[in-house]
Amino acid sequence: MDMLSHDVLIVGGGLAGLRCAVGLCDKYDVALISKVHPIRSHSIAAQGGINAALANNPDARDDTWEKHAFDTVKGSDYLADQDAVEIMCREAPEIVYEMEHWGCPFSRFPDGSIAQRPFGGAGYPRTCYSTDITGHVLLNTLYERAVFKGVKVYPEWHVTALATEDESCHGVIAFDLINGVIMPIRAKATLFATGGYGRVYFYSTNALINTGSGIGIAYKAGVPVKDMEFVQFHPTCLIGTNILMTEACRGEGGYLFNNRGERFMERYAPKAMELAPRDIVSRSIQTEINEGRGFDHPLGRYIRLDLRHLGGKKILERLPGIRKICIDFIGIDPVNEPIPIMPCQHYSMGGIDTDAAGATPVRGFYAAGECACVSVHGANRLGGNSLLDTIVFGKLAAGSIDAYLSGGGAVPDEKAVLRLAGDMEKKISGLVSGGKEKTFALHAELARTMSANVGIFRRQDEMEQALQDIARVRERYRGAGVSSPSRHMNYELMNAIELEYMLEVAHTIALGALLREESRGAHSRRDFTKRDDEKWLKHTIARRGADGSPDTSFRGVAITRYQPMERVY
Ligand SMILES: Cc1cc2nc3c(=O)[nH]c(=O)nc-3n(C[C@H](O)[C@H](O)[C@H](O)COP(=O)(O)OP(=O)(O)OC[C@H]3O[C@@H](n4cnc5c(N)ncnc54)[C@H](O)[C@@H]3O)c2cc1C
């Protein structure tokens with residue numbers, strides 16, 4: 001079997017992976033693998049913006065990174081590690097100016113400075129943006145830089161397994177989708193920047209590629225995951241399609257109305273109103289709907305997001321993409337009509353357990369971006385902090401990998417990689433000649449139970465139901481087979497491989513949620529409605545046990561300057 005070899009292997013062509021690659025390619029032989037062309041990564045879809053205390057907005061002249069850090073910690077419901085939050089918020093202005101100097105076209109204030117808009121849970125308007133296509137401009141800027149600097153890219157290659165032995169990482173097994181071949185790749189250091197797991201849920205704003213397979217692959221290879229029970233539900237997703245209606249809609253002044261014409265946020269967050277953090281706004285919307293104050297629609301109950309009072313000029317200038325999505329997908333022009341929205345899954349706060357420089361407990365294996373849990377978002381992420389997280393920690397992971405390799409690193413074991421390639425060959429042959437179970441149906445069953453039973457509000461019996469459903473789907477997965485034996489561009493085959501990892505991810509989410517007997521941030525239990533700092537001010541760590549189920553343990557939260565307080569908005 002052929003084998004490739006690189007100094008550094010980066011899996012993921014979104015913002016985190018590209019930023020790490022750009023930071024290393026001058027010194028090392030860096031290769032980047034992405035299951036889609038890098039600029040089709042989910043980062044491209046980010047709309048609203050990226051946070052940094054630049055103090056450009058006339059209403060934010062005294063903003064500082066410390067205030068940004070405080071908002072982030074409070075937003076996280078005090079579960080974020082404060083040392084890591086401080087690093088992120090301190091780095092933020094430099095990161096934004098670096099992207100600007102690399103050519104990123106941010107929107108501007110009349111004085112030429114980078115424009116900043118208000119976002120949820122933030123004390124100051126500090127979200128830098130490019131109309132409503134911020135992810136698009138950031139990703140293209142970084143991709144151009146990576147190409148310019150000669151990063152070797154393997155587009156449409158799926159990583160299907162991680163080669164770890166003796167607590168060290170030796171490389172990956174990839175599947176070249178175009179040529180239909182398995183390719184073992186050896187590397188001295190490997191970074192996963194594989195994004196979120198939104199598609200483990202049925203209703204999600206995430207791209208179809210966001211299966212979370214990277215998290216599942218790392219977990220199966222023995223890397224611990226952290227805080228998986230914390231799943232973000234975005235308050236405003238277009239009914240029927242779940243397409244995100246960016247928080248910038250409310251940042252620019254949009255209102256939420258129920259069927260009585262009330263701006264109901266007054267009841268839940270009288271000061272912040274629509275700009276309360278996402279966990280609070282999502283729960284408020286869901287409560288309005290559950291208590292009969294939503295609107296009826298053939299596709300479900302909804303709440304109105306009203307932008308009309310902003311006027312056509314502002315909507316066209318600041319939210320042109322949102323307007324176009326509404327017109328194209330549901331035939332509504334937000335200049336004249338309110339937008340029907342409901343909350344749905346949006347972001348993965350939990351992920352691969354890393355330190356503040358991207359290192360994991362496995363030597364030579366790193367993670368950054370949404371697949372990683374540093375943790376800077378704790379129990380609830382603030383809007384605009386994820387784009388920041390990807391670039392800051394992508395950059396810092398590059399530094400950490402450089403230090404590891406300069407210090408000698410390790411020699412990857414070729415045999416460990418080849419052994420795993422042999423296992424993957426058997427797995428693929430099994431699926432190709434395999435049973436009758438179709439993985440699209442199994443995936444739908446998994447995703448439905450996650451949305452129904454591990455959602456915005458959670459209860460013991462529902463989460464137990466989800467765990468039973470996951471076990472049943474796992475059992476049926478043993479009989480899975482694909483319709484076509486072809487290995488070329490066979491997405492059904494790739495989906496079948498990924499489903500195994502999605503099941504692992506779902507298991508850690510549901511189990512973590514069941515174990516955590518409190519309500520904190522996005523984890524809201526009907527049977528344990530209060531935050532319990534005495535028992536639960538700690539991270540959940542899950543490692544895959546010998547019998548295949550998660551072994552969980554807990555780790556304290558790093559608290560530097562912000563003592564936990566009641567969260568009022
Ligand atoms: C609709 C939407 C809007 C958003 N808006 C904002 C916003 O305005 N502000 C903000 O801060 N955050 C926003 N977010 C969140 C933010 O965009 C993401 O968290 C962030 O972009 C993730 O970047 P990433 O680099 O970690 O991963 P991604 O951009 O998701 O990239 C993942 C990469 O991994 C690759 N990959 C995955 N698995 C494999 C595999 N097995 N083998 C090979 N390659 C693999 C993919 O091909 C892809 O290149 C938004 C998210 C969504 C869904």
Side-chain angles (χ1 to χ4, degrees), residues 9-21 32-52 117 119-120 127-130 132-136 138-139 142-143 153-162 172-177 191-199 204-218 232 234 236-238 242-248 251 278 321-322 325 344-349 351-352 367-372 377 381-391 393-394 494 497-498 501-502:
L9 197 59
I10 289 171
V11 185
L15 287 170
L18 285 170
R19 183 60 188 83
C20 185
L32 185 144
I33 299 184
S34 174
K35 68 182 191 182
V36 293
H37 186 280
I39 59 168
R40 303 195 65 185
S41 305
H42 189 67
S43 293
I44 202 80
Q47 302 168 344
I50 174 167
N51 295 339
R117 58 169 46 131
F119 245 50
T127 305
C128 311
Y129 62 93
S130 187
D132 54 4
I133 55 161
T134 313
H136 185 101
L138 289 171
L139 192 66
L142 272 180
Y143 179 66
V153 177
Y154 295 102
E156 298 195 86
W157 283 41
H158 272 243
V159 166
T160 55
L162 181 70
V172 304
I173 310 305
F175 190 86
D176 167 0
L177 206 55
L191 172 109
F192 269 22
T194 50
Y197 55 62
R199 290 290 156 178
S204 173
T205 63
N206 284 199
L208 295 175
I209 54 170
N210 284 17
T211 57
S213 64
I215 301 173
I217 289 170
Q232 179 158 81
H234 198 288
T236 58
C237 312
L238 193 62
N242 306 310
I243 300 175
L244 182 75
M245 297 287 105
T246 170
E247 190 160 300
R278 290 177 180 172
I322 289 297
I325 290 169
C344 76
Q345 193 285 342
H346 178 59
Y347 181 80
S348 322
M349 263 85 70
I352 299 167
E370 194 173 336
C371 74
H377 309 303
R381 170 177 76 84
L382 294 188
N385 266 354
S386 171
L387 292 180
L388 179 62
D389 160 3
T390 60
I391 304 181
F393 292 104
M494 288 303 108
I497 291 173
E498 287 197 294
Y501 299 119
M502 297 175 86

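Since this is a predicted model, take the numbers as computed values, not measurements. Counting starts at 1 for both ligands and their atoms, following the listed order.
H346 meets the ring-ring contact (aromatic ring centres under 6.0 Å, His included) test with H234; sequence neighbours excluded.
Remark: ligand 1 and K35 share an N or O pair separated by less than 3.5 Å (distance only, no angle test). Considering backbone and side-chain atoms alike, L15 places an N or O below 3.5 Å from some N or O of ligand 1. Where the criterion is an N or O separation shorter than 3.5 Å, residue side chain and backbone included, N206 fails it with respect to ligand 1. Some N or O of L387 is nearer than 3.5 Å to an N or O of ligand 1, by distance alone. For ligand 1, the polar-atom distance check finds no N/O of F119 at less than 3.5 Å from any of the ligand's N/O atoms. Of the polar atoms of G214, none of the N or O atoms is found under 3.5 Å from an N or O of ligand 1, judged by distance alone. Between G196 and ligand 1, no N or O atom pair is found at a separation short of 3.5 Å.
Looking at G212, G135, S43 and measuring to atom 21 (O) of ligand 1, the nearest heavy atom belongs to S43. For atom 33 (C) of ligand 1, the candidate residues are G351, S34, A193; the nearest heavy-atom contact is made by A193. Checking A46, A367, P155, G251 against atom 4 (C) of ligand 1, the nearest heavy atom belongs to A46.
When non-hydrogen atoms are compared, ligand 1 lies under 4.0 Å from the backbone of Q47 (N, CA, C, O) but not from its side chain. Residue contacts with ligand 1 for T390 involve side-chain atoms from C-beta outward but no N, CA, C or O (heavy atoms, distance under 4.0 Å). Residue H37 does not touch ligand 1, judged by heavy-atom distances below 4.0 Å. Contact annotation for V36 and ligand 1: heavy atoms of both the backbone and the side chain come within less than 4.0 Å of the ligand. With a heavy-atom cut-off of 4.0 Å, Y347 touches ligand 1 through its side chain alone. Within the 4.0 Å heavy-atom criterion, the part of V11 lying near ligand 1 is the side chain and not the backbone.
For ligand 1, the atoms closer than 4.0 angstrom to any heavy atom of S213 are 38 (N), 41 (N).
Of the N and O atoms on the side chains of N242 and T205, not one donor lies less than 3.5 Å from an acceptor on the other residue.
Inter-residue side-chain proximity for H158 and E498 is flagged as met; some heavy-atom pair is nearer than 4.5 Å. Residues I325 and M245 are in side-chain contact: their nearest non-hydrogen atoms beyond the backbone lie under 4.5 Å apart.
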Item to check | Evaluation steps, ring pair (Phe, Tyr, Trp, His ring centres under 6.0 Å), between H42 and Y347 | outcome: CA-CA 11 Å; H42 189 67; Y347 181 80; 9.8 Å; no

